[in-house]
**Student:** 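Pasting in a structure now, in structure tokens, and then I'll have a few things to ask.
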Number of protein chains: 2
Amino acid sequence: MTLTQLSAFVLVARLGSVKAAANALSVSEPAVSQALAALRKYLGDPLLTRAGNGMTMTPGGSRLLSIAAQMVALGAEAEAAVRSAKGAPEQLRLVAPSTIVEFVAGPLADAFTARSSGSIEVSAGVAATDEMAVLVSQRLADLALGPNLGADRSLGLVSEPVFRCRLVVLGAPDTRFRGSPAQWPWLVESAATDPNSDVSRLLRALGVPESRLSVFPNQTAAWDAAARGAGVAPAIAHLAVHQLRRRELTVIDIPGTPMDVVWHATTLPLDRRSVAAGSLRHFLGTPEAMRLLRAPGSGVPPSRFRPPVYVTIWS
Amino acid sequence: MTLTQLSAFVLVARLGSVKAAANALSVSEPAVSQALAALRKYLGDPLLTRAGNGMTMTPGGSRLLSIAAQMVALGAEAEAAVRSAKGAPEQLRLVAPSTIVEFVAGPLADAFTARSSGSIEVSAGVAATDEMAVLVSQRLADLALGPNLGADRSLGLVSEPVFRCRLVVLGAPDTRFRGSPAQWPWLVESAATDPNSDVSRLLRALGVPESRLSVFPNQTAAWDAAARGAGVAPAIAHLAVHQLRRRELTVIDIPGTPMDVVWHATTLPLDRRSVAAGSLRHFLGTPEAMRLLRAPGSGVPPSRFRPPVYVTIWS
DNA sequence: ATCACACTTAAGTCTTTACTTAGGTCCGCC
DNA sequence: GGCGGACCTAAGTAAAGACTTAAGTGTGAT
């Protein structure tokens, strides 16, 4: 499986004909056909079959297309990225659970970039708890903000506490649900599907079955639903301060809550981490960072907005 | 640039030594060193340089690492995807602007999967307006939900109106801002950074400068900030119905609003589109879909929650 | 200084890729 | 039936990839 073969496949799939693809690549028709044949043989799937005038994709071909297209696009992106790296600002990758990314990653990244006077760019990525440690240890991320990842000694990571907060359960002030908390409707955001997150630990401790969960694309939406009485929602207390102050939501007394949570900053040990990672680590200890961690969701200017890491499907 | 070279590079970067990488791949040390040399030559960047005991990355190397790691991971994923495609449910890719994905993609995908009794899985992806047309025409997405994409005849797409709504501007009931609307603080979500979105068209018409914009990671967070008086926020009226009903927000009278907006469903023409795409297109015309389009953000059960398309950084 | 260690280069081999031209096969269509 | 278009296979070639072993070359430590 080579990139040339994949791009031949992608082109045939997109243009609907071997001939057209050969034309687009300005090579002969058999060249494309053979690249396709090699791929078919390697993957053990016809991928594309003749159907009258054009070609149709097999199920395997259709899965492959989206992945292959990404790989081809990334190949081009890789060249461009390396070529343009000279003199470009250094990049720093921060990973965190979706909750943290939603509320604090943007402002934090923005503030840090400003502080480095633009010489370091921070991009934020969402990751599951158990992936974060691997990402950092493999240098695919520079710093993880979230739970303590230092427990697994084999990865050789340094995890230091940076922020203390409390996990509570919120609901609309005037609603009552019947039965035990396990029977109530629970409104959660996507981090609850990560079995190692604090929220899913709480849900397990309470014995809430999956059938009572509604997953929302982001935390604010889940709270919004809770505010209209659709159920109860777990929350890092200080992040919901606006909703609490406006009395849209109120803290519900549930056994096991408030639950103390400590956010840790995890990096490689001092001798292996990059200078930029160290300086972000240091920044997290400053009063400015504390203030950002404490004050949720303030938005950032458009020029400094960076969407969380995700790869475009097509270049 | 081959996948073998890239994986050698990734492994060296991750393990911090050529020797360790060679060991992990169970090949000789020069084999890895040469793969690296070929890549260095091809890209014209040292990528990794010796630094005492280990290796450190150049800026180019660090850019490459995250891309190369994805490519390698995708390579493995491609094989797995094709091999497991036999008998697996058909997949259907829906793309839409972030606003639509946030509110309706989850419930819509969930309802459609249920309706097909699990034989079709829908995944939702976020895309910029002008990318959506290309994605569909290149078969990288099956259906786009959003603005009318039929204007560009050359792509041969079919865009049909499915839903009418109104774009308004919201603010907290009791706040007043000074000066003209162009001077107010505007709280927007990421789609506003897409110059072809309805929101950025509105902002341009009003002459709002970039400096007055705050970008939030999602629409609900922007509204939430507006509700506490931080500024005004554009909104598709019916999606903010809960906030309006609770009087956290109220419609502000601004020239040019309400702006009529029509969501279109865009697919390939009938003879070129897949059966699944046609059936999703048909589903969008049913009362059930209408109800979901009209009722924002209801959450989905965990088993059916699918995060929007993004590629994991590491496999 | 020089030794040990780790990366790099050199030289040689074998395999695979990527491509060409030439001929074969399949399918719809008149 | 046979024609045309489109895809596939065959045979052959040049180039590149992916290895190996053997011999440098640089750097930190004793």
Side-chain angles (χ1 to χ4, degrees), chain A residues 1-58 60-61 65 68 71-72 75 78-79 139 271-272, chain B residues 1-58 60-61 64-65 68 71-72 75 78-79 271-272:
Chain A
M1 190 174 63
T2 70
L3 285 174
T4 331
Q5 290 166 0
L6 290 174
S7 45
F9 165 73
V10 169
L11 219 49
V12 173
R14 296 212 291 224
L15 300 176
S17 113
V18 173
K19 183 170 222 167
N23 223 319
L25 290 165
S26 54
V27 295
S28 71
E29 201 182 311
V32 173
S33 183
Q34 281 184 16
L36 209 51
L39 205 54
R40 288 204 247 250
K41 184 180 167 195
Y42 177 78
L43 293 172
D45 189 301
L47 304 176
L48 294 159
T49 54
R50 292 184 61 175
N53 43 358
M55 320 259 307
T56 61
M57 273 186 269
T58 66
L65 177 57
M71 293 179 68
V72 173
E79 297 185 32
R139 291 174 181 273
D271 58 325
R272 294 184 57 218
Chain B
M1 188 174 61
T2 70
L3 285 175
T4 333
Q5 289 167 0
L6 289 173
S7 44
F9 166 72
V10 169
L11 220 48
V12 173
R14 295 212 292 224
L15 300 176
S17 113
V18 173
K19 183 171 221 164
N23 224 320
L25 290 166
S26 54
V27 295
S28 71
E29 205 179 310
V32 173
S33 184
Q34 280 184 20
L36 209 51
L39 205 55
R40 287 202 247 248
K41 184 179 167 197
Y42 178 78
L43 293 171
D45 189 301
L47 305 176
L48 295 159
T49 54
R50 293 185 61 175
N53 44 358
M55 320 259 307
T56 61
M57 274 186 270
T58 66
L64 181 62
L65 177 57
M71 293 180 68
V72 173
E79 297 186 30
D271 59 324
R272 293 184 59 218

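Letters go in sequence order (proteins before strands), and every chain restarts at 1. Everything numeric in this text was worked out from a predicted model, so none of it was measured.
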**Student:** Once you round it to whole Å, what is the distance between P of C:dC7 and CZ of B:Phe9?
**Tutor:**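 So the CZ-P distance, B:Phe9 to C:dC7, works out to 15 Å.
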
**Student:** Rounding to a whole Å, what distance do you find between B:Asn23:CG and C:dA6:C1'?
**Tutor:**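 To the nearest whole Å, that distance equals 13 Å.
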
**Student:** Classify the nucleic acid contact of A:Gln5 as base, sugar-phosphate or nothing, counting any heavy atom under 4.0 Å across all strands shown.
**Tutor:**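 Sugar-phosphate, backbone atoms only, no base.
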
**Student:** Taking the minimum atom-to-atom distance to the side chain of B:Thr2, which one of C:dT17, D:dA6, D:dA18 wins?
**Tutor:**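 Given the options C:dT17, D:dA6, D:dA18, the side chain of B:Thr2 is closest to D:dA18.
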
**Student:** Return the value, rounded to whole Å, for the distance between atom CD of A:Glu29 and atom P of D:dT9.
**Tutor:**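 For the pair A:Glu29 CD and D:dT9 P, the rounded distance is 13 Å.
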
**Student:** From CE of A:Met55 over to C1' of D:dC7, roughly how many Å is that when rounded to an integer?
**Tutor:**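 Taking CE of A:Met55 and C1' of D:dC7, I get 7 Å after rounding.
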
**Student:** D:dA18, OP1 or OP2 - any side-chain N/O from B:Thr4 closer than 4.0 Å?
**Tutor:**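 Yes, because at least one side-chain N or O of B:Thr4 sits under 4.0 Å from OP1 or OP2 of D:dA18.
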
**Student:** Send over the distance from A:Leu48 CG to D:dA6 P, rounded to a whole Å.
**Tutor:**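 So the CG-P distance, A:Leu48 to D:dA6, works out to 17 Å.
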
**Student:** If the test is side-chain contact (heavy atoms from CB on, under 4.5 Å), which one of B:Val72, B:Leu64, B:Thr4 qualifies with B:Phe9?
**Tutor:**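 Considering B:Val72, B:Leu64, B:Thr4, a side-chain contact (heavy atoms from CB on, under 4.5 Å) with B:Phe9 is found only for B:Leu64.
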
**Student:** Using whole Å, report how far CG of B:Leu15 lies from P of C:dC7.
**Tutor:**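 Rounded to whole Å, this separation is 11 Å.
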
**Student:** At under 4.0 Å, does any side-chain N or O of A:Arg40 touch on OP1 or OP2 of D:dC8?
**Tutor:**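 Indeed, a polar side-chain atom of A:Arg40 lies that close.
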
**Student:** Would the distance check show the side chain of A:Arg40 and the main-chain N or O of A:Pro46 forming a donor-acceptor pair, the cut-off being under 3.5 Å?
**Tutor:**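 Answer holds: yes.
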
**Student:** Using a 4.0 Å heavy-atom cut-off, does A:Gln34 contact any base of the nucleic acid, only the sugar-phosphate backbone, or nothing at all?
**Tutor:**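 Base contact - A:Gln34 has a heavy atom under 4.0 Å of at least one base atom.
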
**Student:** Which residue lies toward the 5' end of DNA chain D, B:Val27 or A:Pro30, if each is placed at its nearest nucleotide?
**Tutor:**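 Here A:Pro30 is the residue nearer the 5' end.
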
**Student:** Does the pair A:Thr2 and B:Thr2 meet the rule for a side chain to side chain contact (heavy atoms under 4.5 Å, CB included), with working shown?
**Tutor:** CA-CA 7 Å; A:Thr2 70; B:Thr2 70; over 6 Å; no

**Student:** Hey, are the side chains of A:Thr56 and A:Leu48 touching, using non-hydrogen atoms and a 4.5 Å cut-off?
**Tutor:**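 Counting from C-beta outward, A:Thr56 and A:Leu48 never come under 4.5 Å.
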
**Student:** Under 4.0 Å between a side-chain N/O of B:Ser17 and OP1 or OP2 of C:dC7, yes or no?
**Tutor:**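 B:Ser17 to C:dC7 OP1/OP2: side-chain N or O found under 4.0 Å.
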
**Student:** Just so I know, are the side chains of B:Thr58 and B:Thr49 near enough to count as touching, which here means a heavy-atom distance under 4.5 Å?
**Tutor:**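 Yes, side chains in contact.
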
**Student:** Both A:Leu3 and A:Arg50 contact DNA chain C. Taking the nearest nucleotide for each, which residue is further toward the 5' end?
**Tutor:**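 The answer here is A:Leu3.
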
**Student:** Respond yes when some side-chain nitrogen or oxygen of A:Ser33 is under 4.0 Å from OP1 or OP2 of D:dC7, and no when none is.
**Tutor:**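 For D:dC7, OP1/OP2 do not have a side-chain N/O of A:Ser33 under 4.0 Å.
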
**Student:** CE of B:Met1 versus C1' of C:dT17: gap in Å, rounded?
**Tutor:**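 Atom CE in B:Met1 sits about 16 Å away from atom C1' in C:dT17.
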
**Student:** Which residue lies toward the 5' end of DNA chain D, B:Ala38 or B:Ser28, if each is placed at its nearest nucleotide?
**Tutor:**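 First, find each residue's nearest nucleotide; the 5'-ward one identifies B:Ala38.
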
**Student:** Could you state the CG-C1' distance from A:Leu39 to C:dT16, rounded to the nearest angstrom?
**Tutor:**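 My rounded result for the distance is 15 Å.
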
